[in-house]
There are 2 protein chains.
Amino acid sequence: MRDDKPVEEAAGSETPHDEASPPLRRRKAHIRESAEAHLLACAEAVFAERGFEGASTAMIAERAGVPKANVHYYFPTKLALYRRVLEDLFEDWHRAANTFEGTDDPVAAIGGYVRAKMELSRRRPLGSKVWANEIIHGAEHMADILEQRVKPWLDTRVTVIDDWIARGLLADVDAKALMYMIWATTQHYADFDAQIRALGGKRALSQKAFEATTDEVVQLVIRACGARSPDEDR
Amino acid sequence: MRDDKPVEEAAGSETPHDEASPPLRRRKAHIRESAEAHLLACAEAVFAERGFEGASTAMIAERAGVPKANVHYYFPTKLALYRRVLEDLFEDWHRAANTFEGTDDPVAAIGGYVRAKMELSRRRPLGSKVWANEIIHGAEHMADILEQRVKPWLDTRVTVIDDWIARGLLADVDAKALMYMIWATTQHYADFDAQIRALGGKRALSQKAFEATTDEVVQLVIRACGARSPDEDR
DNA sequence: GTCTATACACGGATAGAC
DNA sequence: GTCTATCCGTGTATAGAC
C-alpha cells in the first residue's frame with residue numbers, strides 16, 4: 001500500500017534475543033519514518049488543493065488510505081503536520097537556491113538559478129502551491145523560516161548582484177526587484193497552472209513544451225538584467 | 001456605519017402619495033445596493049486573509065458590523081457572495097487591461113500596462129490575493145471568466161505582440177511567456193507582500209518606495225522583451 | 001429589512017479496544 | 001501501531017419574531 005522507500009531491514013540485530021527476531025527498535029523506527037513520509041506527501045497534495053483551512057484531516061487520511069486517527073498518531077495536530085510540510089518544502093527550495101552559488105559568471109549563475117527554479121516548479125508544483133498559499137494568507141506559520149533562513153540567503157545574493165553591477169556585468173537593476181521577478185515568474189508556472197491551462201488551450205504540460213518555456217523564461221530574465229559574461233568584451 | 005457611496009436620494013418622488021414620503025422603490029433599491037457593496041468589500045478582505053474555505057460568514061458579518069443572518073439575506077450562499085467578489089475583481093482587472101490598447105508603440109503600451117498592473121496591486125492588494133488564491137486552488141469558480149473573458153483578451157494581445165516582433169520592434173519572445181511574466185511580477189507585490197515585508201526589512205509599503213519599485217519593474221520588463229519605440233532608429 | 005435562536009452537518013481531536 | 005466510536009466546537013443556512 002505504501003509506495004515509499006524500500007525497506008532497509010536485515011541490518012543486523014541490535015537487541016540480542018533468544019528468538020531469531022528482527023531488530024525491533026530499527027523496525028519500529030522505520031515504520032514511523034515511512035508512515036510519516038507517506039502522510040507528508042498526501043498532506044502536501046491536499047493542502048495544495050484546498051489550503052490549510054480547507055484541507056481536513058479526513059481528506060488527508062483518505063488519500064493516504066488510513067483511518068483518521070492514524071494521522072493524529074503521527075502528527076499531534078493538523079498544524080504540526082502542515083508545519084512539517086512547509087519545512088520539507090524549504091529544504092527543497094534551499095537545494096535549488098544553492099545552484100546560484102559557485103560561479104562568478106552572472107549569465108551562468110542567474111540562468112542556472114532560473115532553470116533550477118523552473119525545474120522545481122515542474123517537479124513539485126503542489127509544494128509550490130502550498131508555499132504560495134501560506135504567504136498569501138500572511139505567512140504566519142513560516143515567519144521564522146523567512147526571517148532566519150530565506151532572508152540571510154537573499155541578502156548575500158543581493159550583495160553578489162550589486163557587485164556584478166558595480167563591475168559592469170549587469171545593468172543597474174534593483175537586486176531585490178530582480179530576485180522577486182525570478183521567483184514570481186518561475187513559480188507562476190506551478191501556482192497558476194490552472195490559469196495557464198485555461199488560457200493556453202490545454203497544452204503547456206508536456207515535457208517538451210515545458211522545456212521550451214524554460215528557455216524562454218531564461219532568455220527573458222537574462223535580457224531583463226542585461227547580464228553579460230565576465231570574459232565577454234563590452 | 002457604512003462609508004460607501006453617498007446617498008442619492010431626493011431624486012423626485014415616483015409614487016405619488018398624500019404624505020410627503022420619499023420614493024420608496026428607489027430608497028429600497030439604494031439600501032440593497034449600498035448593503036451589498038459594503039458586504040462585498042468586507043468579504044473581499046476576509047476571503048483574502050483566509051481563503052474561501054477558511055473564511056466564515058460569521059467573520060464577514062462581524063467585519064461588516066451586521067448579524068450573520070443579514071449576509072444570507074443579501075447573498076443566498078457563501079459561494080454566491082464569493083462569486084460576486086470574483087466578478088467585481090475581473091471588472092477592475094479588465095479596466096487595467098485596457099491600458100494596453102490604444103497605442104502602437106510597444107514601449108508605451110507594455111510600460112503603461114505594467115504600471116497599470118502595479119497600480120492595481122497597490123490599490124487593491126486584497127482582491128489580487130483572492131484572485132490568486134482561487135487560481136491556485138484550481139479556479140473552478142472562475143473557469144467561465146477565464147475562458148470567455150480573459151482568454152479572448154490575451155489572444156488579441158498575443159497577436160499584437162507577434163506583430164511587433166515581426167516588425168522588429170520587439171525581440172523574438174514568446175508572447176504568452178512575456179504576458180505571464182508581467183502578470184506574475186506585478187501581482188507578486190500584492191500577493192506576496194507578507195514575504196516582501198519579511199525579507200525587505202519592514203519597508204516596501206511607503207508610497208515613494210512603491211513608485212520606485214514600479215519604475216524598476218517597468219525597466220526590467222522593457223529590457224526583457226527588448227522593446228523599441230516605432231520611431232526609434234536601430 | 002433586521003435581528004435572535006436554532007437546525008444540522010462537519011471538523012479536529014481523543015478514548016480505548018484490538 | 002492500528003482501528004472504531006465518540007466528544008465537542010464551529011460552520012452554513014434557515015425560521016420566525018420584530
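Just so it is clear, the model here is predicted, and its values are computed rather than measured. Quick note on labels: first sequence line is chain A, next is B, and so on, each numbered from 1. What you see below is based on every heavy atom in this structure, not just the backbone, and it leaves out hydrogens, waters and symmetry mates.
Rounded to a whole Å, the CD atom of A/E62 is 14 Å from the P atom of D/dC3. What separates CG of B/L79 from P of D/dT12 is a distance of 12 Å, to the nearest Å. Rounded to whole Å, the distance from CZ on B/R32 to C1' on C/dT2 is 13 Å. B/E36 has its CD atom 13 Å from the C1' atom of C/dG1, to the nearest Å. Between the C1' atom of D/dA13 and the OH atom of B/Y74 lies a distance of 18 Å, rounded to the nearest Å. Atom pair A/E33:CD and D/dG1:C1' shows a separation of 16 Å (rounding to whole Å applied).
Aromatic ring pairs are classed by plane angle as parallel below 30°, tilted from 30° to 60° and perpendicular above 60°; the pair A/F100 and A/W153 is perpendicular. Aromatic ring orientation, A/Y180 versus A/W183: tilted (interplanar angle from 30° to 60°).
Listed by first and then second residue, the salt bridge (Lys or Arg N to Asp or Glu O under 4.0 Å) pairs that reach into residues 63-76 of chain B are B/E49-B/R63, sequence neighbours excluded.
Taken from CD in A/E216 to OG1 in A/T213, the straight-line distance is 7.5 Å, to the nearest 0.5 Å.
In plain terms, the two heavy atoms of B/T186 and B/M118 that are nearest each other are CA-SD, 3.7 Å.
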What is the per-nucleotide protein-contact pattern of nucleotides 4-12 of chain C, from the 5' end, where B denotes a base atom under 4.0 Å from a protein heavy atom, S denotes such proximity for sugar-phosphate atoms only, and - denotes neither? B------SB
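Here B/Y73 does not reach the OP1 or OP2 of C/dC3: none of its side-chain N or O atoms lies under 4.0 Å away.
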Determine whether B/H137 and A/N133 satisfy the following criterion, side-chain hydrogen bond (donor to acceptor under 3.5 Å, both in side chains), listing intermediate values before the conclusion. CA-CA 9 Å; B/H137 297 129; A/N133 190 71; 3.2 Å; yes
